[in-house]
Q: 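My questions all concern the structure below.
When a ligand or atom number is given, it counts from 1 through the structure's own listing order.
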Amino acid sequence: RGRSQRKQVFAADRLKYPMVRKHWEPGGGRKELRGRDEWVRISWDEALDILASELKRIKETYGNRAILRTGGSEIGRTLSLFGGYVSNWGTTSWGSWWDTGPIIGAREGYNTFNTNDRFDLRNSQLIVMWGCNPAWSAGGNPTWHFMQAKKAGARFVFIDPFYTDTNQVLGGEWIPIRPGTDHAMALGMAHTLLVEDDPETNPLIDWDFLHRCTVGFDADHMPPGVDPKENFKDYVLGTYDGVPKTPEWAEEICGVPAERIRWLAREIGRTPRVALLTSWAPARIKNSDSWPQMFMTLGAMTGHIGQPGRMTGLSVHRASGNSGPFLVRPGGSGVPGIRNPITDSINDNELWDAILTGKYTAGYQDVRDINIQLIYHGGGAILQTRDGLMKGIEAHRKVEFVVSHAQFLTTNAKYSDLVLPVTTAWERIGGLLVGNREALFCYRQVTEPLYEAKDDQWIAMELAKRLGIDPEEVYPISPKQQFFNELAGARVMKDNRPNSQGDWEPLLTITAEDIAEWGVEGKPQQGRITLKEFLEKGVYQVERKPGDNYGYIAFKEFREDPERYPLDSETGKLEICSPALARHVKSRGWTEIRPIPAYNPATEGYEETFADWERKIKGEYPLQLYTPHYPRRSHTVFDNIPWLREAFPHPLFMNPKDAEERGIKNGDTVLIRGKHGRSLRPVQLTERIMPGVVALPHGAWVELDDETGIDKAGSDNVLCGAVPTGQGTSGWNSVIVQVEKWHGEPLKPDVEWPQRIVL
Ligand SMILES: Nc1nc2c(c(=O)[nH]1)N[C@H]1C(S)=C(S)[C@@H](COP(=O)(O)OP(=O)(O)OC[C@H]3O[C@@H](n4cnc5c(=O)[nH]c(N)nc54)[C@H](O)[C@@H]3O)O[C@H]1N2
Ligand SMILES: Nc1nc2c(c(=O)[nH]1)N[C@H]1C(S)=C(S)[C@@H](COP(=O)(O)OP(=O)(O)OC[C@H]3O[C@@H](n4cnc5c(=O)[nH]c(N)nc54)[C@H](O)[C@@H]3O)O[C@H]1N2
Ligand SMILES: [Mo]
């Protein structure tokens, strides 16, 4: 993807000019033609005039609560000064870790990543990768970090519906599991630990850790005000509900043989130093609110928290294989924030419904009226990246005006009335990128803006002028000054205190000549390297050595002295019973949970593939589908790049057993049919995916056949349904479908499809 950036910046399908839909008229015109109308080139002046007059008209007619803005902080500034806009919210990446993590105390202070650093990983003897595939979906060199742990002697176990590339490299044990049923498996493990533990002859449970550092495990250690019967241990043993959560009970749900569940529980209990790592993927599921709590409970029971080689928590995205606080960070841009006067914010799962029905849930027993008439896509790819894409298209065809800032004819842009072409980062002055905790990256302009593309900031200021807002209030300082401020304010950590808690010092040496040359305001300063050197190299990486102070053990202080270093939770302890979590979920207004991590089947999960669960008779949608993050794309970005289309085809992955039952052969075009939509894809048969489960990689641009309503591109959110549950989690990995052989025309490979070149 990195190399393909040149193919992206200079792509044939870059948008060149502002354009409006042919049958657009003030108020919408033929709105049903959105997504299939022709485009007409217009000038920037015409485009900005149309935009300003529609914004004014809609504000006057309906008020600011009729304006929905998605993505693009730049335009958000202008719209805030214009009286505000409705926003959206969701738990997009993190699933239920977003709220559950901090509430139960599974986050340490500001640091959201709660496992140990890459050198300490080498102290682990057993590394459990619970739904982790960094080789596909994490930046940096996570596979290399894990490889070092393997060389140091670690064994690996992968719990995943797919035999992943990461697993292949590290030679781990593979435990195939049905999506969204991890919670059941973990309960089966907890049961094994409880019934087999004997402090004298077979110590599996770390009672000292449980008693000192957690609440709610048993009746004697409850958080204040909770019925002692609502404890985790009695739930697992089935004391009050008559259902012991045995490995056999779990097997029926998760598909992992009971003996394997016992085996893994014993391994984790007996091995002195274990890393229990998970990604967000198993939490990007409806009703998964208690899963992070269950996962942390497993770590707490076995005591693998807060010591060398021992950790439980997230290893995902930029912190995959290397967690811990940032060691180098950029300065602020110096642009002051602007408050949005409108407080309405709609959960992603209700966004399109809110537009269609005029109602949204604002909290417990709090449903509010809303009348969205203008959608402003200032950035992002929300129509394509949120559940319920088919409803999203309907919603886009209902409102009076839709506008997008876009680099390509993305889905957002395609279903708009007005499209404003914007620059890529490579056409702007430059900026700093964080991600990897040890490195700060700097990107700089490589080309003048292509065609008539403009920066988002420029648009925000030009629109402001037409709305009677002072553009200086929108951006009081220039992009160059902003870039300079980020550079001058960059800080790097000294290694003067252990566990990554050192003092900060300036990263860059900046002279009076530098400032004069840049023509910006600033003061000379002394740092580790010169501004010139940093700009030339484009990166600063903190040097690491085993045993240095930049190492990191998560929860170390807490484990040593929980009274002095309490967690963020209400009780300061890790909450295995968390009334705060139950209250929080209830306050969102959809579904409720218990304060302990009780199993809660996912909406559109495995159980719903049955018409009759007791007699095991399958229903209309007998297969589970999930949507992994895939090398071809960064979400929807890069999906249009022919190089990447060629390198990474976009099939539906299916097990040969499921294919055989359906008369499907490798490479056949299949129809994926679900509750929310239908998609076509060529199928790739592989033993690497477990039977009963199919995987459709995340992020392909929808390509709707308007006659049939069938999507030809295998666009994941055509199938993922917008059903709000719990804390409002996204449901990317809990979907049920049927797959059948397609008898229409077979699909051509994506790389042969025409590019979306307009004008
Ligand atoms: N089914 C399913 N859906 C998912 C997921 C999943 O696993 N399955 N994953 C979810 C996750 S984890 C995430 S984070 C979200 C991501 O959701 P989004 O953030 O909506 O997705 P991106 O594709 O990254 O969208 C970025 C858009 O911004 C545009 N862009 C890039 N640079 C600029 C710029 O300078 N200015 C402007 N105006 N636009 C620019 C790009 O062209 C692109 O269209 O998707 C979520 N959706
Ligand atoms: N190439 C690429 N990399 C990306 C992105 C991208 O779009 N493309 N997006 C980035 C972003 S914003 C994010 S948030 C991260 C997300 O990164 P992650 O949260 O790690 O998500 P995935 O990579 O989709 O899935 C990780 C693994 O979980 C497995 N899995 C899926 N569902 C379940 C389940 O229910 N149970 C279990 N046990 N396993 C399951 C999948 O098979 C996969 O092997 O990826 C980031 N990295
Ligand atoms: Mo994400």
Q: Near V316, which atoms of ligand 2 are under 4.0 Å from a heavy atom of that residue?
A: 17 (O), 18 (P), 19 (O), 20 (O)

Q: Which atoms of ligand 2 have any heavy atom of I177 under 4.0 Å away?
A: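 Listed by number with element, the hits are 38 (N).
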
Q: Check this for me: does any side-chain nitrogen of one of R14 and E427 sit under 4.0 Å from a carboxylate oxygen of the other?
A: yes

Q: Using a strict cut-off of 4.0 Å, indicate which atoms of ligand 2 neighbour a heavy atom of W136.
A: 1 (N), 2 (C), 3 (N)

Q: Evaluate salt bridge (charged side-chain N to carboxylate O under 4.0 Å, His left out) for D639 paired with R633, printing each intermediate quantity in order.
A: CA-CA 6 Å; D639 189 46; R633 296 177 285 263; 2.8 Å; yes

Q: By number and element, which atoms of ligand 2 are closer than 4.0 Å to a non-hydrogen atom of T164?
A: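 Those atoms are 44 (O).
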
Q: Have H650 and D750 got a donor and an acceptor in their side chains that come within less than 3.5 Å?
A: no

Q: Side chain or backbone, does G131 bring an N or O within less than 3.5 Å of an N or O on ligand 2?
A: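 Min N/O separation from ligand 2 is below 3.5 Å for G131.
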
Q: Got a second to check how far Q168's CD is from W174's CH2, nearest 0.5 Å?
A: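 Separation between the atoms: 11.0 Å.
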
Q: Return yes if a side-chain donor-acceptor contact under 3.5 Å exists between T100 and Q727, otherwise no.
A: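 Yes, because at least one side-chain N or O of T100 sits under 3.5 Å from a partner of the opposite role on Q727.
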
Q: Ligand 1: which residues have a non-hydrogen atom closer than 4.0 Å?
A: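 Residues within 4.0 Å of ligand 1: T92, S93, G378, G379, G380, A381, I382, T385, R386, H405, Q407, T410, V422, T423, R428, D456, T627, H629, S634, H635, T636, V637, H698, D716, N717, C720, W732.
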
Q: Could you list which atoms of ligand 2 come closer than 4.0 Å to a heavy atom of W130?
A: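 So the answer, numbered in order with elements, is 38 (N).
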
Q: Pull out every atom of ligand 2 sitting under 4.0 Å from any heavy atom of G180, numbered as shown with elements.
A: 34 (C), 35 (O)

Q: Below 3.5 angstrom, do we get any N/O pair linking P179 and ligand 2?
A: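 N/O-N/O distance below 3.5 Å does not exist for this pair.
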
Q: Within a distance under 4.0 Å of any heavy atom of I285, pick out the atoms of ligand 2 and give their elements.
A: 35 (O)

Q: If the plane angle is over 60° it's perpendicular, under 30° parallel, otherwise tilted; pick one for W291 and H183.
A: tilted

Q: Can you tell me how far CE of M19 sits from CG of L418, rounded to the nearest 0.5 angstrom?
A: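 Those atoms lie 9.5 Å apart.
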
Q: Going by the order shown, which atoms of ligand 2 are within less than 4.0 Å of some heavy atom of P631?
A: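 Listed by number with element: 1 (N).
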
Q: When only distance counts, is R1 in polar contact with ligand 2, meaning an N/O pair under 3.5 Å?
A: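 In this structure, R1 places an N or O atom under 3.5 Å from an N or O of ligand 2.
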
